[in-house]
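Written out below as structure tokens is the structure these notes cover.
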Amino acid sequence: MFEQVANKLKKAEKIVFVTGAGISQESGIPTFRGKDGLWRKYDAMKLATIDAFYEDPKLVWEWYEERRQNILAAKPNPGHTAIAELEKHKQVHVLTQNVDGLHQRAGSKQVYELHGSIITIRCTTCSFKDNITSRFSDLPPLCKCGSILRPDVVWFGEALPQDVWQDAIVQASSCDVMIVVGTSLVVSPANLLPVYAKQNGAVMIEVNPEETQMSSSMDLSLRSSAAKALPELLTIVS
Ligand code: OAD
């Protein structure tokens with residue numbers, strides 16, 4: 001089995017990654033649903049919905065500002081770097097649910113941020129949108145227009161950025177190999193991307209220490225961490 005998949009990986013022209021919080025776990029960024037997962041400690045409905053934001057923007061911002069500073073201090077790990085390195089050998093697209101920007105910082109060029117970016121800040125009223133890495137001293141931060149600023153992330157109940165989502169479907173449906181890394185695949189619609197790839201005949205590889213609901217559809221499941229497994233996979237191709 002491993003030999004067969006390795007051969008297909010070698011021959012593949014286009015490789016698409018679907019990544020989730022698990023790929024950044026070894027960079028010191030907590031996942032959402034694991035042992036130390038954020039949604040085990042915090043109530044998503046009080047911190048990650050538009051209603052929660054308007055009810056208590058200071059509280060939501062305090063939580064996001066702490067996450068932002070942790071993310072900005074973090075570094076890409078060998079998992080992110082292996083994906084970026086693979087671009088030297090193959091056409092690579094990264095469809096990520098992560099908002100941390102670590103794929104881009106590792107050097108990946110084709111990154112589709114399905115759930116937005118925690119580094120990008122936008123106005124709730126006007127068209128202001130910018131990458132801001134400095135710490136906000138007063139929370140919630142205000143736009144020049146006077147309205148409240150918000151992180152440019154997708155909250156529960158909000159739609160994905162439609163242009164990014166449509167591009168992601170196109171990439172997922174047209175890849176030779178899909179590698180699903182560090183996601184529990186419980187959040188829709190991102191969890192449909194492996195289904196599009198599978199339906200279109202892609203070879204499916206999963207990198208996750210735990211089983212997921214797509215594990216039985218995989219051609220190969222590597223029960224290992226991303227920082228360990230991805231550099232090893234890269235050696236097959238390079
Ligand atoms: P989850 O926390 O749901 O899942 C993380 C997955 O990573 C689990 O399956 C773990 O087994 C796996 N994992 C943990 N450590 C790993 C490691 N070192 N290497 C590889 N895998 C590892 O995170 P996501 O699936 O990304 O959405 O969650 C999806 C969405 O739910 C997030 O984007 C966020 C959250 O609510 C929004 O905020 C809209």
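Atoms within a ligand are numbered from 1 in the order they appear, just like the ligands themselves.
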Original post:
Linking I/L/V/M/F/W/Y whenever their side-chain heavy atoms sit closer than 4.5 Å, directly or via other members, would I23 and V186 fall into one cluster?
Top reply: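 Different clusters: I23 never reaches V186 through Ile, Leu, Val, Met, Phe, Trp or Tyr contacts under 4.5 Å.
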**OP:** Indicate if F32 and V207 have the same hydrophobic cluster label, given that clusters are the connected sets of ILVMFWY residues with side-chain heavy-atom separations under 4.5 angstrom.
**Re:**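 No, it is not one cluster - the side chains of F32 and V207 are not joined through contacts under 4.5 Å.
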Among protein heavy atoms, which sits nearest to [atom], and what does the distance come to when rounded to 0.1 Å?
| atom | answer |
| --- | --- |
| atom 30 (C) of ligand 1 | V187 CG2, 3.6 Å |
| atom 19 (N) of ligand 1 | A226 N, 2.9 Å |
| atom 32 (C) of ligand 1 | F32 CE1, 3.6 Å |
| atom 15 (N) of ligand 1 | Q25 OE1, 3.6 Å |
| atom 33 (O) of ligand 1 | H115 ND1, 2.8 Å |
| atom 36 (O) of ligand 1 | W39 NE1, 2.8 Å |
| atom 13 (N) of ligand 1 | G22 CA, 3.6 Å |
| atom 8 (C) of ligand 1 | N208 ND2, 3.9 Å |

Could you tell me which atoms of ligand 1, counted from 1 in the order shown, lie closer than 4.0 angstrom to a heavy atom of [X]?
| X | value |
| --- | --- |
| E210 | 11 (O) |
| E26 | 17 (C), 18 (N), 19 (N) |
| A21 | 23 (O), 24 (P), 26 (O) |
| F156 | 36 (O) |

Evaluate whether atom [atom1] of [X] has more than 12 neighbouring non-hydrogen atoms of other residues, nucleotides or ligands under 6.0 angstrom away.
| X | atom1 | result |
| --- | --- | --- |
| E62 | CD | yes |
| Q69 | CD | yes |
| Q162 | CD | yes |

**OP:** Would you please name every residue forming a ring-ring contact (aromatic ring centres under 6.0 Å, His included) with Y112, sequence neighbours left out?
**Re:**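 Expected list: H93.
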Subject >> Partners passing ring-ring contact (aromatic ring centres under 6.0 Å, His included) against F136 (at least two apart in sequence or in another chain) >> reply: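 Residues passing ring-ring contact (aromatic ring centres under 6.0 Å, His included) with F136: W61.
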Which is closest to [atom] by heavy-atom distance: [options]?
| atom | options | answer |
| --- | --- | --- |
| atom 25 (O) of ligand 1 | V153, L160, T183 | T183 |
| atom 5 (C) of ligand 1 | G182, A227, A190, G79 | G182 |
| atom 31 (O) of ligand 1 | K35, R33, Q97 | R33 |
| atom 38 (O) of ligand 1 | V99, V154, I23 | V154 |

Check whether any N or O atom of [X], backbone or side chain, sits under 3.5 Å from an N or O atom of ligand 1, and answer yes or no.
| X | value |
| --- | --- |
| S184 | yes |
| W155 | no |
| S224 | no |
| V207 | no |
| G20 | no |

So how far is it from [X] [atom1] to [Y] [atom2], rounded to the nearest 0.5 Å?
| X | Y | atom1 | atom2 | result |
| --- | --- | --- | --- | --- |
| T19 | H103 | OG1 | NE2 | 3.0 Å |
| I119 | D152 | CD1 | CG | 11.0 Å |
| Y196 | I169 | OH | CD1 | 4.0 Å |
| D100 | H115 | CG | NE2 | 13.0 Å |

Subject >> Contact summary for E26 and A226, nearest pair of heavy atoms >> reply: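 Minimum heavy-atom separation between E26 and A226: OE1-N, 3.5 Å.
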**OP:** Determine the minimum heavy-atom distance between C145 and C126, stating which atoms define it.
**Re:**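 Closest approach of C145 to C126: SG-SG, 3.9 Å.
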**OP:** Check if P209 has a non-hydrogen atom at a distance under 4.0 Å from any atom of ligand 1.
**Re:**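 The answer is yes: ligand 1 sits under 4.0 Å from a heavy atom of P209.
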**OP:** Answer side chain, backbone, both or neither: which part of T31 comes under 4.0 Å from ligand 1, heavy atoms only.
**Re:**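 For T31, backbone and side-chain atoms both sit under 4.0 Å from ligand 1.
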**OP:** Test V154 against every option in V99, L114, L160 by the side chain to side chain contact (heavy atoms under 4.5 Å, CB included) rule and name the one that passes.
**Re:**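 Output: one option passes, namely L160.
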